[in-house]
2 protein chains.
Amino acid sequence: MTKSNSIQEILIVEDQHLMRLALVQEMQAALPLSIVHATATMTSALEQLRRVPFALVVIDPGLPDYDPRSENDRMTVIKTIVERSPTAIHIVITGSDSEKEWEACRTMGVAGYIAKNSLKPGTMSTILERISDHGYCVGIMHETSVAPEIYHTALSPREQEVLAWMMQRPAGVSRKEIYDQLGEHMSIDAASAERYYKRAKAKLLKSGQLPDSL
Amino acid sequence: MTKSNSIQEILIVEDQHLMRLALVQEMQAALPLSIVHATATMTSALEQLRRVPFALVVIDPGLPDYDPRSENDRMTVIKTIVERSPTAIHIVITGSDSEKEWEACRTMGVAGYIAKNSLKPGTMSTILERISDHGYCVGIMHETSVAPEIYHTALSPREQEVLAWMMQRPAGVSRKEIYDQLGEHMSIDAASAERYYKRAKAKLLKSGQLPDSL
DNA sequence: TCAAATAGGGACAAGGTTGTCACTTTTGCG
DNA sequence: CGCAAAAGTGACAACCTTGTCCCTATTTGA
């Protein structure tokens, strides 16, 4: 009687700890009502698939005991998992993507094929939307953001974000315009965004870490 | 006059957004006084190296415009970055590690060589310690934790952590012993750890998500 | 030169997290 | 049965984050 409610169960199969954690967080942000399971090996993944009726499975084909360079091994991983969870939606997230591999995945029912270096924080909900709208979603656009990022320990997430936007401000754009954009982007008052920027600067000043672009 | 204080500047070169963010967080946790810069491309990295005197540089050799499978390209990336930051400590973090590559890295002055799937959250401080103690640190131990993880959105980080420990409790070990371990691990009262566990269970009960191992 | 933009603050309510304390109810089991 | 160990709750202070409101100097630019 413990299960049988309508909460979605999600499985993430990824061998790199940090990436696994990041994927979990992205999923939780995109589907706040879900329970996210995560595992690092094929055997453990199959074990989980046997026990739990997952609605969504995320697969990284580069697992231990399988050669990530062997197209054969990679497809074996994907195929095995897809076969053992026929009712689930499948998303492949890979470090080395190829058009050919996506074709192969599609024929076996995979809905999403995303390159790791095109997967940005906060994008997961868009991916899921596209899958439910068009039936599939491919993300292989290597647009590689050029702007370097700076992170200060003393700042809260909001302050970080506001500062990041401000530092990317193109010449000739007033700060006020950025505040407006920010306000709209995170649906708060533009004045509040301004306040965040000022608090961020104050903190950096106090801790003696004001960057060149102050 | 803006810089010239003793705050450490760190550069992270990694093309996968999520991994880059994760590495930033690990670094911030290990070195709370640092300023962490992060970038995704070689050109941007070289730009940063020219501007800022970094004390520590983290490199993922698999960058855009370089073939991650070509040993030659990988070493070019590493060599170029090391040469342009002679005074910094260098750590290579790679998705596909090899003993041979580590040898090559060592001869050019790289201090750390860590496989991505052996890099666990919270390990960064240990890595840095070992580097400062022994001069180098290699992490290629593929111990692949077997235990599947479960993440519930409703729980706070502490509650997550306590629950994770409890779910890995070997048969025959009393909960109390786990509380003690936890208390020591996160330097709080064992009784508080107990309280966390209980609150976590209460939350899961209320939201109807109690797992099988209740 | 006068208005708009920028810089620098103080204060506050609402809500979540962390770490404690004290108290009640259920179990297990000799 | 009876009692100790284990499990389940309520409350709370300290702290941080978020989003607001309001106030005053200084700089800039049309």
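Here is how names work: the chains are called A, B, and so on, in the same order as the sequence lines, proteins then strands, and each is numbered from 1.
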Can you check the [X] [atom1] to [N] [atom2] distance for me, whole Å?
X	N	atom1	atom2	value
I188(B)	dA14(D)	CD1	C1'	16 Å
L205(A)	dG8(C)	CG	P	6 Å
E161(A)	dG19(D)	CD	P	10 Å
Y179(A)	dA5(C)	OH	P	12 Å
M166(B)	dA6(D)	CE	P	11 Å
E159(B)	dG19(C)	CD	C1'	12 Å
R199(A)	dC16(D)	CZ	P	12 Å
Y196(B)	dT20(C)	OH	P	8 Å

Within the structure provided, determine whether [X] and [Y] are in side-chain contact (heavy-atom separation under 4.5 Å).
X	Y	result
L23(B)	V36(B)	no
L204(B)	H152(B)	yes
V57(B)	L49(B)	yes

Among [options], which nucleotide has an atom closest to any side-chain atom of [X]?
X	options	result
R158(B)	dT6(C), dT18(D), dG19(C)	dG19(C)
K176(B)	dA6(D), dT9(D), dT6(C)	dA6(D)
K201(A)	dG8(C), dA6(D), dA7(D)	dG8(C)

N/O contacts under 3.5 Å, protein versus nucleotides 21-29 of chain D?
none

N or O in side chain of S156(A) less than 4.0 angstrom from dT18(D) OP1/OP2 =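 Answer is yes, contact under 4.0 Å.
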
Exercise. Does S174(A) make a side-chain N or O approach to OP1 or OP2 of dA5(C) shorter than 4.0 Å?
Worked result: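 Result: no.
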
| request: Considering only NZ, NE, NH1 and NH2 on the basic side and carboxylate oxygens on the acidic side, decide whether R169(B) and E177(B) come within less than 4.0 Å. | output: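 Here R169(B) does not pair with E177(B) in a salt bridge, since their nearest N and O are not under 4.0 Å apart.
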
Presence of salt bridge, K116(B) and E14(B), under 4.0 angstrom:
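The answer is yes: the pair qualifies as a salt bridge.
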
Exercise. For the pair W165(B) and H185(B), name the ring-plane relationship: parallel under 30°, tilted 30 to 60°, perpendicular over 60°.
Key: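 Geometry flag for H185(B) against W165(B): tilted rings.
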
Exercise. In terms of heavy-atom contacts, does CD of E184(B) have more than 12 from other residues, nucleotides or ligands at under 6.0 Å?
Worked result: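 No - once you tally the heavy atoms of other residues, nucleotides and ligands closer than 6.0 Å, there are 12 at most.
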
